[in-house]
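Below is one structure, written out as structure tokens; the observations come after it.
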Amino acid sequence: MASVGPPAASTQPALPSGPAVFKTIPYAFILPEIVCGTWVWILVAATSVSLPLLQGWVMYVSLTSCLISLLLLLSYLLGFHKNSENWKVLDSLYHGATAILYMSAAVLQANATINSESGTNAPLNYQLNSAASFFAFLTTFLYILHAFSIYYQ
């Protein structure tokens, strides 16, 4: 007969809460995602928007992602997750979907950068758009790292 004993301990690591969030991969990526995403929408807002449809999408994605990531960071800091496995699924799905949306926004921002080479105030707009494109691709990379780190954890 099989022996009846205590159930095996879960091999899943506990979700961090409090300051441990900043020391645990992949949750340590949340703050750089917020900072880089904030730079994207600040730089896009500083340009004279010549293509409102393209850069409007960039602003929407960066601002919405920044706010949702901030709420997610606060929920981890305050321990709202209560070590539930559902939070890992939510976090992975959010960061995966946001990585896809950010990739589309980064490509559109790069297109806006190319189109801003000519026109009035071209050198300043080109530099601001170039910086926004750089931070958009960097933020995309951070979201991809976060999503895959949770998936493979």
Side-chain angles (χ1 to χ4, degrees), residues 12-81 84-153:
Q12 295 290 331
L15 292 172
S17 60
V21 171
F22 300 114
K23 299 175 188 173
T24 309
I25 299 292
Y27 307 101
F29 291 132
I30 295 176
L31 191 59
E33 290 164 2
I34 293 170
V35 170
C36 291
T38 302
W39 274 111
V40 171
W41 64 266
I42 287 172
L43 290 166
V44 171
T47 65
S48 62
V49 177
S50 58
L51 302 165
L53 189 60
L54 299 182
Q55 290 181 304
W57 176 249
V58 175
M59 288 289 287
Y60 173 75
V61 169
S62 61
L63 189 56
T64 305
S65 301
C66 181
L67 292 175
I68 293 173
S69 292
L70 184 62
L71 289 174
L72 192 61
L73 177 63
L74 288 175
S75 67
Y76 279 124
L77 287 174
L78 298 175
F80 288 151
H81 54 76
S84 172
E85 286 297 315
N86 294 335
W87 277 85
K88 283 188 177 181
V89 174
L90 171 79
D91 200 345
S92 180
L93 288 175
Y94 165 70
H95 282 90
T98 305
I100 294 168
L101 293 175
Y102 239 109
M103 180 60 79
S104 71
V107 169
L108 291 176
Q109 180 58 38
N111 185 18
T113 302
I114 292 168
N115 290 332
S116 70
E117 287 182 306
S118 61
T120 60
N121 221 2
L124 178 63
N125 282 332
Y126 181 75
Q127 291 170 354
L128 290 171
N129 282 323
S130 295
S133 296
F134 170 77
F135 280 109
F137 281 107
L138 180 63
T139 307
T140 302
F141 180 67
L142 288 170
Y143 276 106
I144 290 170
L145 276 178
H146 191 129
F148 278 114
S149 296
I150 289 176
Y151 181 73
Y152 286 116
Q153 190 177 37

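Treat the numbers as computed from the prediction; the structure is a model and nothing was measured.
- Taking the side chain as every heavy atom from C-beta outward, Tyr102 and Val40 approach each other to under 4.5 Å.
- At least one side-chain heavy atom of Asn129 sits less than 4.5 Å from a side-chain heavy atom of Gln109.
- Side-chain atoms of Ser62 come within 3.5 Å of backbone N or O of Met59 as a donor-acceptor pair.
- Neither side chain, Thr98 nor Ser65, offers a donor N or O lying under 3.5 Å from an acceptor on the other.
- Partners of Ile34 by side-chain contact (heavy atoms from CB on, under 4.5 Å), not counting sequence neighbours, listed by chain and number: Ile30, Thr38, Cys66, Ser69, Leu70, Leu73.
- Residues Trp57 and Leu101 have side chains in contact (heavy-atom distance under 4.5 Å, counting atoms from C-beta outward).
- Annotation: side-chain contact (heavy atoms from CB on, under 4.5 Å) contacts of Phe29 (sequence neighbours excluded): Ile25, Pro26, Glu33, Leu142, Leu145, His146, Ser149.
- Side-chain contact check for Leu90 versus Trp87: some heavy-atom pair is nearer than 4.5 Å.
- The CD1 atom of Ile144 sits 8.5 Å away from atom CD1 of Ile100, with the distance rounded to the nearest 0.5 Å.
- The NE2 atom of His95 lies 10.0 Å from the CD1 atom of Ile68; values are rounded to the nearest 0.5 Å.
- Note: Asp91 CG to Tyr76 OH = 3.5 Å, rounded to the nearest 0.5 Å.
- Formation of a donor-acceptor pair under 3.5 Å by the Ser92 side chain with backbone atoms of Val89 is not found in this model.
- Heavy-atom neighbours of Tyr94 OH from other residues, nucleotides or ligands within 6.0 Å: above the threshold of 12.
- Looking at Tyr126 and Ser130, their side chains come closer than 4.5 Å, going by heavy atoms from C-beta outward.
- A side-chain donor-acceptor contact under 3.5 Å links Thr139 to the backbone of Phe135.
- Note that CG of Asn125 is 11.5 Å distant from CG of Leu43, once rounded to the nearest 0.5 Å.
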